[in-house]
Amino acid sequence: MSESVKKIALLGATGSIGRSSLDIISRFPERYQVVALGGGRNIRELIALARRFQPQLLAVQEEAGAGELIQALRDCGLSIPVMVGQSGAVAVATHPQADIVIAAMVGAVGLEPTHAALKAGKDVALANKESMVMAGRLLNQVAAATGAAILPLDSEHSAIWQALNGEPKKGVEKLILTASGGPFRDFSLAEMGQVTPAQAMRHPRWEMGPKITIDSATMMNKALEIIEARWLFDVVPERIEVLVHPQSIVHSLVEYVDGSVLAQLGLPDMRLPIAYALAYPERLVLDLPKLDLAALGQLDFFEADAKRFPALRLVRQALAAGDSGAIAFNAANEVAVERFRQGEIGFLEIAESVEKVLNTVTREDFSTLTEILDFDKKIRHLMS
Ligand code: MG
């Protein structure tokens with residue numbers, strides 16, 4: 001593998017995962033080349049990336065940004081086609097030259113391009129957990145049919161992937177996802193009721209985009225990760241647990257039937273799981289700060305509290321309600337997080353509105369992308 005250059009299509013290029021991915025890619029120009037880039041609203045950064053990586057295709061979310069991007073490319077003498085919206089994201093995800101697609105968009109909009117990439121037989125390094133939450137069953141079927149691989153980028157899932165490496169599946173007793181607990185780990189319910197969007201945006205360990213940072217504060221992120229793990233590793237939800245670990249050094253663990261527990265440790269830096277997925281099964285020589293356990297001295301672990309973090313209870317209800325439950329859970333959360341960011345609802349009302357929606361859902365499983373997207377739309381409409 002090392003003698004040929006791996007060609008990469010990257011969606012979500014201007015987000016936190018996108019930047020970390022480009023950091024890894026640019027350290028190994030003899031191994032990796034960017035062939036297509038998709039970005040959101042940060043047009044200036046996308047222009048800079050286009051100049052630096054000179055991909056063969058660019059995509060932006062909105063028409064407004066496309067004009068500015070096209071003009072800027074013309075000004076610097078670059079002729080790179082620019083596409084807009086979902087069709088642009090799908091074109092990046094299915095770029096004929098791409099060997100691997102990094103899916104790092106935020107939210108449900110990531111589903112269509114992820115699905116398209118797998119359908120085209122491309123390996124997908126998946127950071128967009130929402131697509132697995134909404135359509136894990138379908139994405140696994142599509143991947144199995146085309147021979148494409150779904151490679152986890154989420155740090156917890158990368159840890160589990162590493163801890164499962166080479167082990168027969170029947171030996172697995174349970175998966176244990178670690179959670180930092182977010183900025184309100186020690187807050188009472190009353191204190192959480194007063195939390196502002198600015199407070200929820202300050203994560204103690206990880207630097208991430210706004211949506212996932214708020215999801216970490218509600219622990220909705222961990223709830224979504226349970227569903228993600230359920231599909232990524234084909235393990236029943238009853239065998240997936242959450243353990244609070246504030247230092248974010250142990251990224252997750254696998255317990256085996258003999259009582260042995262394997263974990264993956266490392267500094268909280270998304271470049272590690274990204275590098276692992278890109279180079280798998282090799283490991284890249286990374287010149288990054290190394291974990292110093294003696295300097296850390298101790299690692300702490302606590303039971304997760306579903307009373308103060310109802311997301312951990314609601315996810316079990318969502319899982320019991322099948323595909324419709326997971327889709328409703330995700331859609332309701334996305335809408336509620338946006339409302340919280342706009343100051344329309346309080347912090348605790350995020351979980352409350354998710355619960356309200358979940359209580360209206362009856363179990364339904366879906367076998368097509370259209371059914372899944374329609375149900376997602378239906379839930380969002382219900383909340384409007
Ligand atoms: Mg994670």
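Order of listing sets the numbers, starting from 1, for every ligand and every atom in it.
N128 places a side-chain N or O within 3.5 Å of a backbone atom of M105 that can act as its donor or acceptor partner. With hydrogens and angles ignored, the 3.5 Å screen pairs no side-chain donor or acceptor of S158 with any backbone N or O of S155. Side-chain N or O atoms of Q33 include none that pairs as donor or acceptor with a backbone N or O of V5 at under 3.5 Å. No donor-acceptor distance shorter than 3.5 angstrom exists from the side chain of E282 to the backbone of A279, with no hydrogens or angles considered.
Around the Mg ion (ligand 1), the protein atoms of type N, O or S that sit closer than 2.8 Å are D154 OD1, E156 OE1, E225 OE2.
Residues E355 and N359 have side chains that never bring a donor and an acceptor to within less than 3.5 angstrom of each other. With no hydrogens or angles considered, a side-chain donor-acceptor pair links H157 and E228 at under 3.5 Å.
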